[in-house]
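Quick notes on the structure that follows.
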Protein chains: 2
Amino acid sequence: MAKRPPTIPDSELDVLKVLWERGQATVREALETLRAAGREWSYATVATLLDRLESKGLVTSDRRELAFVYKPVITDQEVRTRRVSSLVDKLYEGEPGLLVLHLLKSHPLKPGQAKEVRAVLDSMLGEAAGKKRDKDR
Amino acid sequence: MAKRPPTIPDSELDVLKVLWERGQATVREALETLRAAGREWSYATVATLLDRLESKGLVTSDRRELAFVYKPVITDQEVRTRRVSSLVDKLYEGEPGLLVLHLLKSHPLKPGQAKEVRAVLDSMLGEAAGKKRDKDR
DNA sequence: TCTATCCTAAGACAACTGTCTCACAACGTC
DNA sequence: GACGTTGTGAGACAGTTGTCTTAGGATAGA
């Protein structure tokens, strides 16, 4: 029964991001934010995209004043998780570890981040095991 | 000038995977492999997909005997790297570290892999810096 | 040579994306 | 009350993806 989640095309994602940033927006507000960010869309385009997002159930609209105000229903984390899962399934045999390994080799992290990652890893690898190290530099 | 890389839809990706596995294949061979893996496509569908891959320059064909034999031009690593970069750009502000962090939280690794990852991290974090720890369990 | 196979070429066709035009309703102002 | 502004609705239209049909060339055995 489980209906599989709707896909989110890139252009819809751009609009959704605006809603995440601002919490909510009318078509015009979204348009302006997008323009400021370099997207040269027309009003109608943004309206269509919001409309499509709504029919997928990813945003809701609510006509408060003159215009409809759109709010995201899905969170950014949710979208990220879906995308990552789909990537892992399609290209990493369902093994998140393979993706991490690949990432480290092909997209080197900044040292600060690398340390942060290591710290997280340590704490996952057993609160007991990792404790004596961790302050070592 | 740089023409941006062609997109690879999911169904084409499935076909490409067959070529990576076998090194090369005719339409019929690919079809059979895909059938064995559960894809219920018709011969023509697979032929179309290979054709589209070829017009995108991702595979080449070469009529040796009766049928065309297709070989991948792009490697699996290349495709993975592209997909990951695009994900990082679109949803992680271009910061691979954010993706890694998210991955660790939302898609927990098996301990074996976690250790492997930590080891990689250690060696990246400076052969000098990480040396006094590393044998600690 | 006739016929059953296997292959390719050409393209159909619906769903989804990306983007826009146009007609029309509601609102505020003179 | 006529007008410009802002907003919506409906839908156009080309390009991409997913999948298949059909026609016709080459091949191989009866």
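Because the structure is predicted, anything quoted here is derived from the model rather than measured. Every chain is numbered from 1 and lettered A, B, ... according to where its sequence line falls, protein lines coming before strand lines.
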Between [atom2] of [N] and [atom1] of [X], the distance in whole Å:
X	N	atom1	atom2	result
A/E40	C/dC20	CD	C1'	15 Å
A/R63	D/dT6	CZ	P	16 Å
A/F68	D/dT8	CZ	P	6 Å
A/W41	C/dT21	CH2	C1'	18 Å
A/L34	C/dT19	CG	C1'	14 Å

> To the nearest 0.5 Å, what is the distance between CG (B/L104) and CG (A/L121)?
Replying inline: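 It comes to 6.0 Å.
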>> Regarding A/S42 and A/T45, do their side chains bring together a donor and an acceptor under 3.5 Å, going by distance alone?
In response: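 Yes, because at least one side-chain N or O of A/S42 sits under 3.5 Å from a partner of the opposite role on A/T45.
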> Judged by modelled atom types alone, do B/T81 and A/H102 share a side-chain donor-acceptor pair under 3.5 Å?
Replying inline: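 Yes - a donor-acceptor pair under 3.5 Å links their side chains.
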>> Just to be sure I understand the rule, does B/A67 reach a base, reach only the sugar-phosphate, or reach nothing, if contact means heavy atoms closer than 4.0 Å?
In response: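 Sugar-phosphate, backbone atoms only, no base.
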>> Regarding A/R39, tell me which of base, sugar-phosphate or nothing describes its non-hydrogen contacts under 4.0 Å with the strands shown.
In response: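 Contact class for A/R39: none.
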> Contacts to DNA chain D from residues 9-25 of chain A, heavy-atom cutoff under 4.0 Å, which residues?
Replying inline: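 Of all residues in residues 9-25 of chain A, none places a heavy atom under 4.0 Å from DNA chain D.
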> Residues from residues 45-58 of chain B sitting under 4.0 Å of DNA chain D, heavy atoms only?
Replying inline: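 Contacts with DNA chain D under 4.0 Å: B/T45, B/T48, B/R52, B/K56.
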Between [N] and [X], is there an OP1 or OP2 to side-chain N/O distance shorter than 4.0 Å?
X	N	answer
A/Y43	D/dT8	yes
B/T7	D/dT17	yes
B/R28	C/dC7	yes

>> Could you check whether any side-chain N or O of A/K56 sits under 3.5 Å from a backbone N or O of A/I8, counting only pairs where one atom can act as donor and the other as acceptor?
In response: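 No, A/K56 side chain to A/I8 backbone: no donor-acceptor pair under 3.5 Å.
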> What is the per-nucleotide protein-contact pattern of nucleotides 24-30 of chain D, from the 5' end, where B denotes a base atom under 4.0 Å from a protein heavy atom, S denotes such proximity for sugar-phosphate atoms only, and - denotes neither?
Replying inline: ---S---
>> Suppose we screen for side chain to side chain contact (heavy atoms under 4.5 Å, CB included). Which residues come up paired with A/R35, at least two apart in sequence or across chains?
In response: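 A/L31.
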>> Just to verify, what does A/F68 make a ring pair (Phe, Tyr, Trp, His ring centres under 6.0 Å) with, not counting sequence neighbours?
In response: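 So A/F68 forms no ring pair (Phe, Tyr, Trp, His ring centres under 6.0 Å) with any residue.
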>> Any carboxylate oxygen within less than 4.0 angstrom of a Lys/Arg side-chain nitrogen, looking at B/K17 and B/E21?
In response: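 Answer for the salt bridge query: no.
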> Among all residues two or more places apart in sequence or in another chain, which pass the salt bridge (Lys or Arg N to Asp or Glu O under 4.0 Å) test with B/K71?
Replying inline: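 So B/K71 forms no salt bridge (Lys or Arg N to Asp or Glu O under 4.0 Å) with any residue.
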> Within 45° of the six-membered ring axis of A/Y92 and under 6.0 Å from that ring's centre, is NZ or CZ of B/R80 located there?
Replying inline: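 Here B/R80 passes the 6.0 Å and 45° test against A/Y92.
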>> On a heavy-atom basis, which atom in B/R22 and which in B/T33 lie closest, and how many Å separate them?
In response: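 Heavy atoms only, the tightest pair is NE-OG1, 3.1 Å.
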>> Could you go through A/L13 and B/L91, starting from their C-alpha distance and side-chain angles, then the distance that decides it, and tell me whether this counts as side chain to side chain contact (heavy atoms under 4.5 Å, CB included)?
In response: CA-CA 9 Å; A/L13 187 55; B/L91 287 174; 4.1 Å; yes
